[in-house]
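By convention in this document, chain letters (A, B, ...) are assigned in the order of the sequence lines, proteins followed by strands, and residues within each chain are numbered from 1.
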Protein chains: 2
Amino acid sequence: MRPREFDHDDVLRIAFDQFWRKGVRGTSLSDIARDAGVQRGSLYNAFGSKEALFLQAYERYAGDYFLALQKALGTGSLRKRLTAFFDLTITNFRSGTPPRGCPTTRGLMELGAAEGEGLDEEARQALAGLISRITALVQDALSAGAARGEFNGNAAAAALHIVTVTRGLAVLERAFGDEPQLRKIAAHTIDLLLGRKGG
Amino acid sequence: MRPREFDHDDVLRIAFDQFWRKGVRGTSLSDIARDAGVQRGSLYNAFGSKEALFLQAYERYAGDYFLALQKALGTGSLRKRLTAFFDLTITNFRSGTPPRGCPTTRGLMELGAAEGEGLDEEARQALAGLISRITALVQDALSAGAARGEFNGNAAAAALHIVTVTRGLAVLERAFGDEPQLRKIAAHTIDLLLGRKGG
DNA sequence: GAAGTATTTGACACGACGTCAAGAATATGC
DNA sequence: GCATATTCTTGACGTCGTGTCAAATACTTC
């Protein structure tokens, strides 16, 4: 057995950085190979294909991001939690120079173009899976933080609404790049759900 | 002058059909050329580049779609208008077999991957432009249909919220393909804005 | 009918993905 | 300690995509 000449995790991080900045289709394995100081063929040997590499790099990111969201949604009043949730979401979309947008949304719209392939479906599930997990997380926070009968006892619908708005924010980020606008929409959404005062 | 051997508009329609189904990056000019019965080189001669062709094909679509939305938002009570708006939006996302999703959102996330090119920016503006125009349209409908002081006199924020939700619906469509879910979110959004009963 | 002009056509250059066989470097067995 | 087996690396190759160009073609106009 010959040992790897590169660190598996390093490559994953370098690859995801590129995927995030330039999109999956806009990133070539040559780019990643150059950046990581690895031969292109070695990437195929270690990860299988470009989409498989993206998938693994994405799972890495998704795990970290989910934990951060969990933390943001876990403390304080319901309004505080939702504010922290939207803040983290928007800050994430606007991170980097230039802002990199939402990798989940981006990947979701980018992949699975053709006719229904095998690996594409796996990637779609990974991306959609994070959205599902976030929705469940928000729903828990709503249920836990709902003192009175807010949401008419339907935290599931409210959580889905909130997550839908965040997906919309990801799209608007890319369309206009107007961060204050995104934050206004977020604040408006919270007010809409909790009322303009308490929470 | 030698005359064209193909119809400019036909090619635009055929091209957009492919772009819509398979995405911009997932569609090759060879595909379009074959489908349209035109030589690939002729497309370059007539439209300049793949993105320019997409841009022209998209403008065609956007014009038609905007008119349909205008019609949906122009009649009946405010609730009726919004219901028709969401219905048209979702129906559009779910048209085709398999459902093609939202071409605007898809295009927005797909394009402009690299570093800031020329034509990409033009396409981004075209795609973002439709979103802006739709927002203005919704805002007009809200202002016109608002009998009482709904939205606290802030129809702009409400319109932006609505459009944000539609963009989110486009993403969820692609993530889960669950049309009833989309319609539930839409109904929930309307209730949230107008209250559960009147409108 | 001849000249001019725009379109078509096919070849070309380039870059991307993915595959493969041959070479290189380490672990294991004797 | 050395040979062998196993894995990784490396470079060449095939295929397909975009975009360019010069030559051929077909119409319009004088």
- Item | side chain to side chain donor-acceptor pair (under 3.5 Å) against A:Arg133, all qualifying residues, sequence neighbours excluded | none
- Message: Expressed as a whole number of angstroms, how long is the span from B:Leu43:CG to C:dT7:P?
- Response: 13 Å
Which pairs would a plain distance check flag for residues 28-46 of chain A, meaning a side-chain donor or acceptor within less than 3.5 Å of a matching protein atom at least two apart in sequence or in another chain?
{"from": "A:Ser28", "atom 1": "OG", "to": "A:Ser30", "atom 2": "N", "distance (Å)": "3.4"}
{"from": "A:Ser28", "atom 1": "OG", "to": "A:Asp31", "atom 2": "N", "distance (Å)": "3.0"}
{"from": "A:Ser28", "atom 1": "OG", "to": "A:Asp31", "atom 2": "OD1", "distance (Å)": "3.3"}
{"from": "A:Ser28", "atom 1": "OG", "to": "A:Asp31", "atom 2": "OD2", "distance (Å)": "3.3"}
{"from": "A:Asp31", "atom 1": "OD1", "to": "A:Arg34", "atom 2": "NH2", "distance (Å)": "3.2"}
{"from": "A:Asp31", "atom 1": "OD2", "to": "A:Lys22", "atom 2": "NZ", "distance (Å)": "3.0"}
{"from": "A:Asp31", "atom 1": "OD2", "to": "A:Ser28", "atom 2": "N", "distance (Å)": "3.3"}
{"from": "A:Asp35", "atom 1": "OD1", "to": "A:Gln18", "atom 2": "NE2", "distance (Å)": "3.4"}
{"from": "A:Asp35", "atom 1": "OD2", "to": "A:Gln18", "atom 2": "NE2", "distance (Å)": "3.3"}

- Task: Measure the distance from CG on B:Leu53 to C1' on D:dT18 and round it to the nearest whole Å.
- Result: 13 Å
- Item | Any A:Ser42 side-chain N or O less than 4.0 Å from OP1/OP2 of D:dT9 | yes
- Task: Measure from CD on A:Gln39 to C1' on D:dC13 and round the result to the nearest Å.
- Result: 15 Å
- Message: So, taking the atom named CE in A:Met109 and the one named CZ in A:Arg167, what distance separates them when rounded to the nearest 0.5 Å?
- Response: 11.5 Å
- Message: Would you say A:Ile14 ends up clustered with A:Phe47 if hydrophobic residues are merged whenever their side chains have heavy atoms under 4.5 Å apart, either directly or through other cluster members?
- Response: no
- Taking atom P of D:dG19 as reference, at what distance in whole Å does atom CD1 of B:Ile32 sit? 11 Å
- Query: salt bridge (charged side-chain N to carboxylate O under 4.0 Å, His left out) with A:Asp140: which residues, sequence neighbours excluded?
  - Reply: none
- When the distance from CZ of A:Phe54 to P of C:dC17 is rounded to whole Å, what number comes out? 14 Å
- A:Thr91: partners by side chain to side chain donor-acceptor pair (under 3.5 Å), with sequence neighbours left out: A:Arg183
- Looking at every strand, decide which applies to A:Phe6 at a 4.0 Å heavy-atom threshold: base, sugar-phosphate, or nothing. sugar-phosphate
- Message: Using heavy-atom distances to pick each residue's nearest nucleotide on DNA chain D, tell me which of B:Tyr44 and A:Arg4 is more 5'.
- Response: A:Arg4
- Item | Qualifying salt bridge (Lys or Arg N to Asp or Glu O under 4.0 Å) pairs with a residue from residues 60-70 of chain A, counting only residues at least two apart or across chains | A:Asp9-A:Arg60
- Query: By ring pair (Phe, Tyr, Trp, His ring centres under 6.0 Å), which residues pair with B:Tyr61, not counting sequence neighbours?
  - Reply: B:Phe16, B:Trp20, B:Tyr58, B:Tyr65
- Message: I want to verify a distance call: between C:dT8, D:dT9, D:dG11, whose nearest atom is closest to the A:Asn45 side chain?
- Response: D:dT9
Could I get a table of every N or O pair under 3.5 Å where one atom is in the protein and the other is in nucleotides 14-17 of chain D?
none

- Residues forming a side chain to side chain donor-acceptor pair (under 3.5 Å) with A:Thr189, sequence neighbours excluded: B:His161
Below 3.5 Å is the cut-off: list the nitrogen or oxygen pairs between protein and nucleotides 22-25 of chain C, distance only.
{"from": "C:dG23", "atom 1": "N2", "to": "A:Arg2", "atom 2": "NH1", "distance (Å)": "3.2"}
{"from": "C:dA24", "atom 1": "N3", "to": "A:Arg2", "atom 2": "NH1", "distance (Å)": "2.9"}
{"from": "C:dA25", "atom 1": "O4'", "to": "A:Arg2", "atom 2": "NE", "distance (Å)": "3.4"}

